[in-house]
Q: 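Before we start, here is the structure in question, set down as C-alpha coordinates.
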Amino acid sequence: MSPPVLGAGFFARDTASVARDLLGCVVVSSAGGETTSGRIVETEAYLGAGDLGSHAATHGITARNAVMYGPPGHAYVYFTYGNHHMLNLVAEPEGSAGGVLIRALEPLDGVEVMMRRRIQGRRSASHLAVGDLANGPGKLAAALGIDLTVNGEPLDGSATLSVLGREGPAPVVASSGRIGLSAGHETELRFFIEGDRHVSPARPGLRVPSRSNTKGTGR
DNA sequence: TTCAAGATTTCCT
DNA sequence: GGAAATCTTGAAA
(Lines give C-alpha, C1' and ligand atoms only; values in the text may rest on other atoms or scores of the structure.)
Protein backbone atom coordinates (compact mmCIF):
# COMPACT_ATOMS: atom_id res chain seq x y z
CA MET A 1 0.00 0.00 0.00
CA SER A 2 2.71 2.43 -0.81
CA PRO A 3 1.20 5.70 -1.93
CA PRO A 4 2.39 7.06 -5.26
CA VAL A 5 5.03 9.76 -5.38
CA LEU A 6 3.48 12.94 -6.65
CA GLY A 7 4.99 13.92 -9.98
CA ALA A 8 5.23 17.11 -11.96
CA GLY A 9 1.69 16.61 -13.21
CA PHE A 10 0.30 17.13 -9.75
CA PHE A 11 2.13 20.41 -9.31
CA ALA A 12 1.59 21.76 -12.83
CA ARG A 13 -1.75 23.32 -11.92
CA ASP A 14 -2.89 26.55 -10.36
CA THR A 15 -1.20 27.15 -7.06
CA ALA A 16 -4.31 27.37 -4.91
CA SER A 17 -5.54 23.95 -6.05
CA VAL A 18 -2.16 22.40 -5.43
CA ALA A 19 -2.01 23.93 -1.97
CA ARG A 20 -5.42 22.53 -1.11
CA ASP A 21 -4.74 19.07 -2.50
CA LEU A 22 -1.44 18.83 -0.66
CA LEU A 23 -3.27 18.66 2.65
CA GLY A 24 -3.11 15.13 3.93
CA CYS A 25 -0.15 14.25 1.74
CA VAL A 26 3.14 13.12 3.24
CA VAL A 27 6.51 14.82 2.91
CA VAL A 28 9.51 12.53 3.14
CA SER A 29 13.03 13.78 3.73
CA SER A 30 16.22 11.77 3.61
CA ALA A 31 18.51 14.58 4.69
CA GLY A 32 21.62 13.42 6.46
CA GLY A 33 20.85 9.81 5.66
CA GLU A 34 18.02 9.79 8.18
CA THR A 35 14.50 9.35 6.94
CA THR A 36 11.89 11.66 8.38
CA SER A 37 8.35 12.22 7.23
CA GLY A 38 5.25 14.15 8.15
CA ARG A 39 1.70 14.68 7.01
CA ILE A 40 0.88 18.10 5.63
CA VAL A 41 -1.83 19.79 7.64
CA GLU A 42 -1.34 23.44 6.70
CA THR A 43 -0.22 25.23 3.51
CA GLU A 44 -0.18 28.65 1.97
CA ALA A 45 -0.25 29.49 -1.73
CA TYR A 46 2.10 32.07 -3.17
CA LEU A 47 1.44 33.23 -6.67
CA GLY A 48 3.58 35.23 -9.03
CA ALA A 49 3.09 38.74 -10.31
CA GLY A 50 0.18 40.47 -8.69
CA ASP A 51 0.53 38.61 -5.41
CA LEU A 52 2.12 41.10 -3.09
CA GLY A 53 3.99 39.31 -0.39
CA SER A 54 5.30 36.73 -2.78
CA HIS A 55 8.92 36.90 -3.69
CA ALA A 56 7.93 36.57 -7.31
CA ALA A 57 5.98 39.83 -7.23
CA THR A 58 7.22 43.20 -8.42
CA HIS A 59 10.82 42.11 -8.59
CA GLY A 60 10.71 40.10 -11.77
CA ILE A 61 12.76 36.98 -12.11
CA THR A 62 15.80 37.02 -9.84
CA ALA A 63 18.34 34.49 -8.72
CA ARG A 64 16.29 33.88 -5.61
CA ASN A 65 12.83 33.30 -7.01
CA ALA A 66 13.91 31.74 -10.30
CA VAL A 67 12.95 28.38 -8.87
CA MET A 68 9.35 29.51 -8.56
CA TYR A 69 9.30 30.26 -12.27
CA GLY A 70 10.99 26.99 -13.07
CA PRO A 71 9.48 23.55 -13.61
CA PRO A 72 6.93 22.30 -11.05
CA GLY A 73 7.61 19.57 -8.56
CA HIS A 74 10.76 21.14 -7.20
CA ALA A 75 11.71 22.39 -3.76
CA TYR A 76 12.11 26.07 -3.10
CA VAL A 77 13.86 26.73 0.18
CA TYR A 78 14.01 30.21 1.55
CA PHE A 79 16.02 31.42 4.49
CA THR A 80 14.84 34.32 6.59
CA TYR A 81 15.24 36.09 9.90
CA GLY A 82 18.73 34.69 10.15
CA ASN A 83 17.43 31.63 11.90
CA HIS A 84 14.88 29.74 9.92
CA HIS A 85 14.38 27.98 6.64
CA MET A 86 11.05 27.64 4.93
CA LEU A 87 10.01 24.84 2.62
CA ASN A 88 8.04 25.57 -0.52
CA LEU A 89 6.91 23.29 -3.31
CA VAL A 90 6.96 24.82 -6.77
CA ALA A 91 3.64 24.73 -8.60
CA GLU A 92 2.35 25.99 -11.95
CA PRO A 93 3.90 25.01 -15.28
CA GLU A 94 7.38 26.19 -16.10
CA GLY A 95 7.44 29.89 -16.87
CA SER A 96 4.58 30.67 -14.50
CA ALA A 97 5.50 31.53 -10.93
CA GLY A 98 3.85 29.69 -8.08
CA GLY A 99 4.78 28.04 -4.84
CA VAL A 100 3.15 26.35 -1.88
CA LEU A 101 4.56 27.10 1.53
CA ILE A 102 4.36 24.17 3.91
CA ARG A 103 3.37 25.72 7.23
CA ALA A 104 2.74 22.71 9.44
CA LEU A 105 3.27 18.94 9.55
CA GLU A 106 2.08 16.11 11.69
CA PRO A 107 5.25 14.12 12.49
CA LEU A 108 5.11 10.51 11.34
CA ASP A 109 8.44 8.75 10.94
CA GLY A 110 11.74 9.76 12.46
CA VAL A 111 10.21 11.65 15.35
CA GLU A 112 13.30 11.09 17.45
CA VAL A 113 15.52 12.39 14.67
CA MET A 114 13.37 15.46 14.23
CA MET A 115 13.37 16.18 17.91
CA ARG A 116 17.12 15.80 18.07
CA ARG A 117 17.60 18.17 15.16
CA ARG A 118 15.34 20.76 16.71
CA ILE A 119 17.20 20.59 20.01
CA GLN A 120 20.67 20.49 18.51
CA GLY A 121 20.22 23.34 16.11
CA ARG A 122 19.11 25.81 18.70
CA ARG A 123 19.57 26.88 22.23
CA SER A 124 18.29 25.23 25.32
CA ALA A 125 16.57 21.88 25.16
CA SER A 126 13.56 22.83 27.14
CA HIS A 127 10.31 20.99 26.85
CA LEU A 128 9.54 19.95 23.31
CA ALA A 129 6.28 18.19 22.65
CA VAL A 130 5.65 16.23 19.47
CA GLY A 131 2.77 18.57 18.78
CA ASP A 132 5.20 21.48 18.70
CA LEU A 133 7.74 19.65 16.60
CA ALA A 134 6.68 20.86 13.18
CA ASN A 135 3.72 23.18 13.65
CA GLY A 136 5.38 26.12 11.97
CA PRO A 137 7.28 26.84 8.75
CA GLY A 138 10.70 27.22 10.32
CA LYS A 139 10.09 24.39 12.73
CA LEU A 140 9.24 21.78 10.16
CA ALA A 141 12.16 22.79 7.97
CA ALA A 142 14.51 22.32 10.88
CA ALA A 143 12.88 19.04 11.82
CA LEU A 144 13.29 17.65 8.32
CA GLY A 145 16.89 18.80 8.12
CA ILE A 146 16.17 21.17 5.28
CA ASP A 147 18.62 23.92 4.40
CA LEU A 148 19.62 25.91 1.34
CA THR A 149 21.33 22.92 -0.22
CA VAL A 150 17.89 21.46 -0.88
CA ASN A 151 16.82 24.52 -2.84
CA GLY A 152 15.97 23.66 -6.43
CA GLU A 153 16.08 19.93 -5.97
CA PRO A 154 13.40 17.78 -7.62
CA LEU A 155 10.72 16.09 -5.54
CA ASP A 156 10.60 12.85 -7.49
CA GLY A 157 12.50 10.94 -4.84
CA SER A 158 15.88 11.11 -6.56
CA ALA A 159 17.01 13.88 -4.22
CA THR A 160 16.44 14.72 -0.59
CA LEU A 161 12.71 15.32 -0.67
CA SER A 162 9.66 13.58 -2.06
CA VAL A 163 5.92 13.93 -1.57
CA LEU A 164 3.53 10.99 -1.31
CA GLY A 165 -0.11 11.21 -2.29
CA ARG A 166 -2.74 10.92 0.35
CA GLU A 167 -4.21 7.55 1.11
CA GLY A 168 -7.44 8.08 2.96
CA PRO A 169 -10.47 10.20 2.18
CA ALA A 170 -10.17 13.91 1.57
CA PRO A 171 -9.75 15.84 4.81
CA VAL A 172 -11.97 18.70 5.87
CA VAL A 173 -10.25 21.74 4.43
CA ALA A 174 -10.68 25.25 5.75
CA SER A 175 -9.17 28.45 4.43
CA SER A 176 -8.21 31.80 5.81
CA GLY A 177 -5.96 34.73 5.17
CA ARG A 178 -2.26 34.18 5.16
CA ILE A 179 -0.16 34.73 8.23
CA GLY A 180 2.91 36.75 8.93
CA LEU A 181 2.91 38.80 5.77
CA SER A 182 3.38 42.53 5.75
CA ALA A 183 1.36 42.68 2.55
CA GLY A 184 -1.02 40.46 0.70
CA HIS A 185 -2.57 38.82 3.75
CA GLU A 186 -6.06 39.75 2.66
CA THR A 187 -6.43 36.99 0.11
CA GLU A 188 -7.56 33.66 1.47
CA LEU A 189 -4.74 31.49 0.28
CA ARG A 190 -4.02 29.64 3.49
CA PHE A 191 -5.41 26.12 3.70
CA PHE A 192 -5.46 23.79 6.66
CA ILE A 193 -7.18 20.69 7.94
CA GLU A 194 -9.92 21.84 10.20
CA GLY A 195 -9.65 20.60 13.74
CA ASP A 196 -6.18 19.13 13.36
CA ARG A 197 -4.15 19.79 16.46
CA HIS A 198 -0.92 20.15 14.51
CA VAL A 199 -2.07 23.27 12.70
CA SER A 200 -0.05 26.25 13.78
CA PRO A 201 -1.81 28.34 16.41
CA ALA A 202 -3.89 31.21 15.13
CA ARG A 203 -2.71 34.66 15.91
CA PRO A 204 -5.48 36.73 17.45
CA GLY A 205 -3.82 40.05 16.80
CA LEU A 206 -1.56 40.75 13.90
CA ARG A 207 2.13 40.80 14.48
CA VAL A 208 3.44 44.19 15.42
CA PRO A 209 6.52 45.38 13.58
CA SER A 210 8.56 45.48 16.76
CA ARG A 211 11.65 46.83 15.16
CA SER A 212 12.40 49.18 17.99
CA ASN A 213 16.16 48.86 17.92
CA THR A 214 16.67 50.37 14.49
CA LYS A 215 18.73 53.16 15.92
CA GLY A 216 22.00 53.10 17.76
CA THR A 217 23.96 50.01 16.93
CA GLY A 218 22.32 49.91 13.52
CA ARG A 219 20.39 46.73 14.10
C1' DT B 1 29.27 48.75 -2.44
C1' DT B 2 26.00 49.62 1.25
C1' DC B 3 21.53 49.67 3.52
C1' DA B 4 17.09 48.06 4.77
C1' DA B 5 13.53 44.50 5.26
C1' DG B 6 11.85 39.93 5.88
C1' DA B 7 6.73 34.01 4.28
C1' DT B 8 9.78 33.29 12.24
C1' DT B 9 11.00 31.18 16.54
C1' DT B 10 12.52 31.56 20.99
C1' DC B 11 13.65 33.37 25.46
C1' DC B 12 12.91 36.71 29.01
C1' DT B 13 10.14 39.70 32.03
C1' DG C 1 3.13 39.94 26.22
C1' DG C 2 7.39 41.96 24.39
C1' DA C 3 12.01 41.96 22.39
C1' DA C 4 16.19 39.75 20.53
C1' DA C 5 18.75 36.73 17.40
C1' DT C 6 20.80 36.25 12.82
C1' DC C 7 21.59 35.76 7.43
C1' DT C 8 20.13 36.25 2.77
C1' DT C 9 18.32 38.96 -0.83
C1' DG C 10 16.73 43.10 -3.38
C1' DA C 11 17.12 47.88 -4.33
C1' DA C 12 19.46 52.24 -4.06
C1' DA C 13 23.63 55.25 -4.27
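Letters A, B, ... mirror the listed sequences (proteins, then strands); counts begin at 1. Predicted, not measured: the structure shown is a model, and the values here were computed from it.
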Q: Could you write out DNA chain B as dot-bracket? Rules: Watson-Crick or G-U wobble, both distances under 3.5 Å, brackets [ ] for crossings, | for pairs with another strand, dot for unpaired.
A: ||||||.|||||.

Q: Sub-3.5 Å donor-acceptor pair from the side chain of A:Asp14 to the main-chain atoms of A:Ser17, do we have one?
A: yes

Q: For B:dT8, is there a stacking contact with A:Tyr81, counting only centres under 5.5 Å and planes under 30°?
A: yes

Q: Separation of A:Met86 atom CE from C:dT8 atom P, in whole Å?
A: 13 Å

Q: Check the distance between C:dG10's P and A:Tyr78's OH and give it to me in whole angstrom.
A: 9 Å

Q: As a test of reading the structure: which of C:dG10, B:dT8, C:dT6 is closest to the side chain of A:His84, going by heavy atoms?
A: B:dT8

Q: Could you please name the option among C:dG10, C:dT8, B:dA7 that lies closest to any side-chain atom of A:Tyr76?
A: B:dA7

Q: How long is the line joining CG of A:Asn151 and P of C:dT9, in whole Å?
A: 9 Å

Q: Closest to the A:Leu148 side chain: C:dT8, B:dT9, B:dA7?
A: C:dT8

Q: Could you give the side-chain donor-acceptor pairs of residues 153-162 of chain A under 3.5 Å, partners two or more places apart or in another chain?
A:
unit_1	atom_1	unit_2	atom_2	d
A:Glu153	OE1	A:Thr160	N	3.1
A:Glu153	OE1	A:Thr160	OG1	3.0
A:Asp156	OD1	A:Ser158	N	3.0
A:Asp156	OD1	A:Ser158	OG	2.7

Q: Rounded to whole angstroms, how far apart are CZ on A:Arg118 and C1' on B:dT10?
A: 10 Å

Q: Quick one: A:Ile119 CD1 to B:dT10 P, roughly how many Å, whole number?
A: 11 Å

Q: A:Phe79 side chain: which of B:dT9, C:dC7, B:dA7 is closest?
A: C:dC7

Q: A:His55 side chain N/O closer than 4.0 Å to the phosphate oxygens (OP1, OP2) of B:dA7?
A: yes

Q: Applying salt bridge (charged side-chain N to carboxylate O under 4.0 Å, His left out), can you list everything that pairs with A:Arg39, at least two apart in sequence or on another chain?
A: A:Glu106, A:Asp196

Q: Specify the separation, in whole Å, of atom CG of A:Leu181 and atom P of B:dT8.
A: 7 Å

Q: Under the salt bridge (charged side-chain N to carboxylate O under 4.0 Å, His left out) rule, collect the residues that match up with A:Glu42, sequence neighbours excluded.
A: A:Arg103, A:Arg190

Q: Restricting to non-hydrogen atoms, name the atom on A:Glu92 and the atom on A:Ser96 that form the minimum distance, rounded to 0.1 Å.
A: OE1-OG, 3.1 Å

Q: Can you measure A:Asp132 atom CG to B:dT8 atom P for me and round it to whole angstrom units?
A: 17 Å

Q: Counting only side-chain N and O atoms of A:Thr80, is one of them less than 4.0 Å from OP1 or OP2 of C:dT8?
A: no

Q: Without placing hydrogens or testing angles, list every side-chain donor-acceptor pair under 3.5 Å for residues 46-53 of chain A, not counting sequence neighbours.
A:
unit_1	atom_1	unit_2	atom_2	d
A:Tyr46	OH	A:Glu44	OE1	2.8
A:Asp51	OD1	A:Arg178	NH2	2.8
A:Asp51	OD2	A:Leu47	N	2.8
A:Asp51	OD2	A:Arg178	NH1	3.1

Q: Please list, chain by chain and in numerical order, all residues satisfying side chain to side chain contact (heavy atoms under 4.5 Å, CB included) with A:Thr187, sequence neighbours excluded.
A: A:Leu189

Q: With respect to the side chain of A:Arg64, which nucleotide from B:dT9, B:dA7, C:dT9 is positioned closest?
A: C:dT9

Q: Can you find a side chain N or O atom of A:Arg190 that sits less than 4.0 Å from OP1 or OP2 on B:dA7?
A: no

Q: Between C1' on B:dT8 and CD on A:Glu44, what's the gap in Å once rounded to a whole number?
A: 12 Å

